[in-house]
There are 2 protein chains.
Amino acid sequence: MTGAVESSPPRRTRIQLEKRELILEAALEVFSTNGFRGSTIDQIAEAAGMSKPNLLYYFRRKEDIHETLMQRLLDTWLAPLRELDDIGDPLTELRSYIRRKLEMARDFPRESRLFANEILQGAPRIMPMLEGELKTLVDEKANVIKGWMRAGKIARTDPWHLIFSIWATTQHYADFDVQVRAVLGPDRGGDGRFEDAARFLEQLFIDGLKPKG
Amino acid sequence: MTGAVESSPPRRTRIQLEKRELILEAALEVFSTNGFRGSTIDQIAEAAGMSKPNLLYYFRRKEDIHETLMQRLLDTWLAPLRELDDIGDPLTELRSYIRRKLEMARDFPRESRLFANEILQGAPRIMPMLEGELKTLVDEKANVIKGWMRAGKIARTDPWHLIFSIWATTQHYADFDVQVRAVLGPDRGGDGRFEDAARFLEQLFIDGLKPKG
DNA sequence: CTAACGTTTGTCCAACCGGTCAAAAATTTG
DNA sequence: CAAATTTTTGACCGGTTGGACAAACGTTAG
């Protein structure tokens with residue numbers, strides 16, 4: 001279906017590489033705050049400091065920008081989960097996974113919102129990837145976690161829902177940032193809120209996962 | 001600013017009440033899956049089984065529909081938290097709050113997604129409510145929880161972030177439903193997933209909150 | 001029946017939006 | 001320098017969208 005293989009990556013000049021980068025940066029900003037349909041090419045062009053036809057010289061269609069953005073996103077987005085490995089102490093592994101995810105929510109909130117927007121609208125453009133690459137990765141890591149449970153290293157529970165809950169709690173601080181700030185108020189809604197969140201989440205997850213005894 | 005007080009609620013015939021209800025139902029469906037800008041009046045009108053000008057006879061502007069929808073949403077959305085009270089056993093109170101929130105994600109996913117869409121885009125239309133009504137309610141309940149902590153009924157932690165984590169984990173099953181289904185696959189992604197989620201969340205939160213010893 | 005009122009729709013419009021195109025401007029190459 | 005190539009832009013186009021409007025239709029009360 002969408003299998004149009006780019007047989008040879010199109011040759012690009014230095015200017016093209018730079019301008020494409022500029023556009024993608026601007027588009028990330030615009031798409032993540034307005035959604036795909038809510039964003040106009042003009043907005044992106046203005047944010048990138050160029051005219052609309054000029055932008056369309058680098059990306060032929062609006063959807064091409066979004067697609068490129070999404071492809072890049074997914075690689076970096078799943079990196080923390082890929083790092084979750086069987087070599088260290090289970091509780092330490094999970095704790096650092098949670099920390100890495102929370103750091104991504106802090107450092108890449110726009111990417112998180114871009115992803116959330118896409119999923120919220122039914123993931124029309126990345127569904128195959130969810131059912132393929134993502135499912136495979138999660139199943140694999142769920143099995144790792146199951147091994148830890150069998151070995152008595154962490155409490156027995158559902159590994160898939162455990163992963164969901166880590167995603168939900170950490171991404172919440174990027175996706176629902178305005179709500180978090182509004183509720184915490186000007187005092188506690190500042191930069192320190194991620195430290196507080198990290199402390200809280202560690203306590204919640206670790207104490208809940210610690211094997212009894 | 002927006003303080004146009006509706007001095008007298010406009011008199012409405014039976015037909016008007018019914019048709020407005022029909023439109024709001026259709027609009028909830030359309031807005032929650034396409035976002036505000038991604039939805040057209042025509043789509044809503046078609047979903048409500050009437051012509052566009054006819055719809056505009058009942059709601060003068062597209063934004064009026066969205067606003068009405070949002071006002072209704074907020075009341076029902078905060079109901080579970082309002083019920084969180086100081087009268088029962090703290091752990092039981094929290095457990096049933098989590099259950100109620102998860103039930104809302106299951107029974108009203110469209111409302112959840114409508115809300116998520118609004119927050120994701122910076123909450124342009126409900127910011128005052130977040131800083132006012134919502135913050136007040138959360139602060140109040142956070143103090144209740146603090147009391148439980150002081151009394152040694154639950155582990156000491158940050159009540160605000162505890163509430164955030166309950167929101168995040170439960171709403172995740174509505175907002176990220178397609179992802180959850182895709183990852184769980186056709187076998188486990190069916191109706192039973194909410195039972196599994198309920199079991200998991202109960203274990204995660206309660207065991208993590210249980211006072212030591 | 002008929003006048004008054006409430007409801008519905010076809011038609012129209014102006015603004016917006018994604019995208020094209022040809023020509024101008026800038027840059028690179030020989 | 002001049003030719004070739006790449007980059008930039010103004011003007012334009014067709015389709016969509018939110019919304020206005022008047023005329024038609026339906027309903028109800030006198």
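Computed from a predicted structure; not experimentally measured. Within every chain, numbering begins at 1; the chains are lettered A, B, ... in the order of the sequence lines, protein sequences first and strands thereafter.
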Mark yes when over 12 heavy atoms from residues, nucleotides or ligands other than A:E131 sit less than 6.0 Å from its CD; otherwise mark no.
yes
Figure out the NZ/C1' separation between A:K19 and D:dT8, and round it to whole Å.
8 Å
As a check of understanding: the bend across the helix from C:dC1-D:dG30 to C:dG30-D:dC1, end axes from five pairs, rounded to 10 degrees, works out to 0°
Once the angle between the rings of B:H172 and A:F164 is folded into 0 to 90°, is it parallel (under 30°), tilted (30 to 60°) or perpendicular (over 60°)?
tilted
Has the side chain of A:E93 got a donor or acceptor atom that lies under 3.5 Å from a matching backbone atom of A:L84?
no
Has A:K62 got a side-chain atom pairing as donor or acceptor with A:F36's backbone, closer than 3.5 angstrom?
yes
Could you list by number each residue of residues 46-57 of chain A showing a heavy-atom separation from DNA chain C of less than 4.0 Å, or answer none if no residue does?
A:K52, A:P53, A:L56
Is any NZ, NE, NH1 or NH2 atom of the basic residue among B:D64 and B:R20 found under 4.0 Å from an Asp or Glu carboxylate oxygen of the other?
no
Within 45° of the axis and under 6.0 Å from the centre of the six-membered ring of A:W160, does NZ or CZ of A:K141 qualify?
no
DNA chain C contacts made by residues 35-42 of chain A, counting heavy atoms under 4.0 Å
A:S39, A:T40, A:I41
Take atom CG of A:L17 and atom P of D:dT6, then tell me their distance rounded to the nearest Å.
14 Å
Are the side chain of B:R113 and the backbone of B:A174 linked by a donor-acceptor contact shorter than 3.5 Å?
yes
Mind calculating the distance between CG (A:L22) and C1' (D:dT8) to the nearest angstrom?
14 Å
C:dG6, OP1 or OP2 - any side-chain N/O from B:Q16 closer than 4.0 Å?
no
More than 12 non-hydrogen atoms from neighbouring residues, nucleotides or ligands closer than 6.0 Å to CZ on A:F108, yes or no?
no
Rounded to whole angstrom units, what separation is found between the CZ atom of A:R20 and the C1' atom of D:dT7?
15 Å
Ion pair check, A:E133 and A:R82, cut-off under 4.0 Å
yes
Inspect the contact between B:R125 and B:E67 and indicate whether a charged nitrogen and a carboxylate oxygen are less than 4.0 angstrom apart.
no
Rounded to whole angstrom units, what separation is found between the CG atom of B:N34 and the C1' atom of D:dG18?
16 Å
Hey, are B:D196 and B:R193 close enough for a salt bridge, meaning a charged N less than 4.0 Å from a carboxylate O?
no
Whole-Å distance between D:dG18 P and B:D64 CG?
14 Å
